[in-house]
Amino acid sequence: MSEATLSQVDPEIASLIKKETQLQHDRVRLIPSENYASRAVLEATGSVLSNKYSEGYPGKRYYEGQQYIDEVESLAISRIKKLFGVDHANVQCYSGSPANFAVYFAYCKPGDSVMGMALPSGGHLTHGWGVSVTGAFFKAHQYGVRKSDQRIDFDEVAKLAREHKPKLLWCGATAYPRLIDYAKFAEIAREVGAILVADIAHISGLIAAGAHPSPVGKAEIITSTTHKTLRGPRGGMILCDDKHKAAIDKAVFPGLQGGPHNGTTAAIAVAAHEASTDAFKKYGHAIVQNAKALAETLLSRDFTLVTGGTENHLILADLTNKNVSGKIAAKALDRAGLVCNYNSVPFDPRKPFDPSGIRLGTPAVTSRGMGAAEMKVIGNCMADVVEHPGDDALIERTAGQLRELCDKFPAPGIQL
Ligand SMILES: *Cc1c(COP(=O)(O)O)cnc(C)c1O
């Protein structure tokens with residue numbers, strides 16, 4: 001007897017998933033935190049493993065029947081440890097933000113001093129920004145970028161750290177187009193007795209591929225999502241030295257979470273396996289090359305790029321000289337088949353809900369196999385639309401052209 005399929009049981013949801021699948025195929029996806037997980041990763045994510053409760057860790061569970069779940073989680077842990085070269089990995093975090101919360105819970109009491117990069121400079125909400133629980137429950141001091149070159153202001157980092165002696169010093173960003181100098185952060189953390197936490201949510205795939213310097217050996221604790229450049233399922237993880245293992249594991253469970261999402265754990269193991277291949281190394285380096293190629297095209301079209309360019313997977317464009325707001329540009333670009341997000345730029349005079357910039361990234365297009373030639377086409381299409389956001393005919397034409405481009409580059413995990 002075979003059971004009813006999703007489209008038989010719930011045609012409404014099935015149809016929405018089908019439409020989203022088509023949309024993800026048809027569009028040039030330039031959101032730097034997004035990607036296309038492989039069919040193998042999606043299969044593991046949506047498996048019967050999610051039926052099982054497994055509070056605890058391999059060999060120390062609070063439920064029986066863990067014969068295979070223990071093996072799955074142990075595999076995920078050992079593969080991630082090998083991939084990044086770390087002593088310990090906790091792969092149970094529900095996502096990137098909960099991974100960060102667990103680090104706070106492991107080492108801080110409410111009201112303790114912590115330090116991270118300010119959101120308007122490219123930092124993440126969970127690094128102590130006011131509207132986040134991390135800004136509300138802790139005394140968060142925020143560093144930023146220099147006005148002159150929009151790079152991290154290490155003089156300010158050192159000054160604030162000496163003044164406030166934070167328990168945790170966070171580095172890593174969500175909208176910063178340059179390499180992170182982990183050695184410099186480590187030196188400051190050591191001087192003031194802070195634990196350096198590197199949040200590599202965006203760049204963990206680049207680091208695994210050797211396309212961005214690794215914080216291992218410099219930051220005692222590393223947190224990450226698993227679904228951005230790493231191209232795994234939606235999840236989070238914490239990597240650390242042996243001396244932090246017990247505190248981190250205890251903070252994740254029972255501190256912050258209940259049962260782990262075992263389908264996700266299995267898919268993290270699959271993603272780590274994929275990330276250990278030569279093909280993944282090539283992909284990681286191609287992401288950076290594509291970002292540079294896209295940046296070059298935009299610069300040739302008189303775009304203003306924050307820091308003047310990129311060294312990683314993302315680009316922040318300040319559209320002030322194009323006389324269009326980030327939001328209007330992003331909406332016009334979306335209609336033209338180019339999906340990105342509007343974003344504040346450092347020292348933005350405009351409000352976050354309608355800022356001056358757009359944020360672009362090349363992980364998803366690189367996963368489709370696009371290269372320098374396609375980045376040139378995409379960059380020129382972007383420039384045309386940004387310069388004429390109200391030209392419906394141009395937008396129509398561009399959308400058609402880009403749909404044809406997308407047809408030539410089937411995306412991983414997408415079955416039409
Ligand atoms: C995306 C991101 C996170 C949060 O991840 P979620 O899975 O969205 O909770 C944390 N830190 C940084 C730097 C990020 O870019």
Side-chain angles (χ1 to χ4, degrees), residues 29-35 37 41 45 90-105 114-129 131-135 138 140 142-145 152 168-182 185 196-208 212-215 219 221-239 248 251-252 256-257 260-261 264-265 267-268 271 287 291 306 310 312-316 340-341 343-344 346 352 359-364:
R29 298 170 70 224
L30 294 166
I31 294 177
S33 50
E34 289 184 356
N35 214 326
V41 163
T45 309
N90 185 308
V91 296
Q92 293 193 1
C93 309
Y94 295 149
S95 208
S97 303
N100 289 352
F101 299 151
V103 178
Y104 285 95
F105 189 57
V114 298
M115 227 178 109
M117 192 173 185
L119 188 81
S121 287
H124 193 259
L125 283 164
T126 55
H127 296 184
W129 191 242
V131 299
S132 154
V133 66
T134 63
F138 306 104
Q142 304 255 278
Y143 58 86
V145 295
I152 291 170
L168 301 176
L169 172 57
W170 289 85
C171 66
T174 195
Y176 186 68
R178 295 289 166 176
L179 304 182
I180 305 284
D181 189 340
Y182 297 113
F185 275 109
L196 179 63
V197 191
D199 180 347
I200 59 170
H202 264 255
I203 54 177
S204 49
L206 302 183
I207 290 169
H212 186 290
S214 168
I221 300 175
I222 297 165
T223 63
S224 185
T225 61
T226 51
H227 49 273
K228 296 179 184 176
T229 50
L230 192 58
R231 218 161 54 181
R234 231 178 166 92
M237 60 184 185
I238 305 174
L239 319 176
I248 289 295
V252 174
L256 198 69
Q257 301 187 168
H261 296 179
T264 301
T265 307
I268 289 173
I287 288 175
V306 170
T310 178
N312 57 19
H313 63 301
L314 79 81
I315 296 168
L316 257 183
C340 66
N341 65 279
N343 213 100
S344 294
R359 190 179 69 147
L360 312 167
T362 50

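Along the sequence shown, residues are numbered consecutively beginning with 1. For ligands, and for the atoms within them, numbers begin at 1 and follow the listed sequence. All values below come from the heavy atoms of this structure, side chains included, with hydrogens, waters and symmetry mates left out.
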Q: Begin from the C-alpha positions of H202 and T174 and carry the test side-chain contact (heavy atoms from CB on, under 4.5 Å) through to its verdict.
A: CA-CA 7 Å; H202 264 255; T174 195; 3.3 Å; yes
Q) Considering only the protein, which heavy-atom contact is closest to atom 7 (O) of ligand 1, and what is its distance? A) S95 OG, 2.4 Å
Q: Looking only at protein heavy atoms, identify the closest one to atom 3 (C) of ligand 1 and say how far it is in Å.
A: H124 NE2, 3.2 Å
Counting each atom of ligand 1 from 1 as listed, which ones have a heavy atom of [X] under 4.0 Å away?
X: H227; value: 7 (O)
X: T225; value: 5 (O), 7 (O)
X: D199; value: 10 (C), 11 (N), 12 (C), 13 (C)
X: K228; value: 1 (C), 2 (C), 3 (C), 14 (C), 15 (O)

So, the side chain of [X] versus the backbone of [Y]: is there a donor-acceptor pair under 3.5 Å, distance only?
X: T226; Y: G235; value: yes
X: S121; Y: G144; value: no
X: E34; Y: R29; value: no
X: Q92; Y: T265; value: no

(Q) Tell me whether A201 has any N or O atom under 3.5 angstrom from an N or O of ligand 1. (A) no
(Q) Any atom of ligand 1 sitting under 4.0 Å from a heavy atom of A173? (A) yes
Q: Report the C-alpha distance between H124 and S132 in whole Å, list the side-chain angles of each, state the deciding distance to 0.1 Å, and finish with yes or no for side-chain contact (heavy atoms from CB on, under 4.5 Å).
A: CA-CA 10 Å; H124 193 259; S132 154; over 6 Å; no
Q) If every non-hydrogen atom of A175 is compared with every non-hydrogen atom of N343, which pair is closest and at what distance? A) CB-ND2, 4.0 Å
(Q) Counting only heavy atoms closer than 4.0 Å, does ligand 1 sit against the backbone of R234, its side chain, both, or neither? (A) neither
Q: Pick one of side chain, backbone, both or neither for how S97 approaches ligand 1, counting any non-hydrogen atom pair under 4.0 Å.
A: both
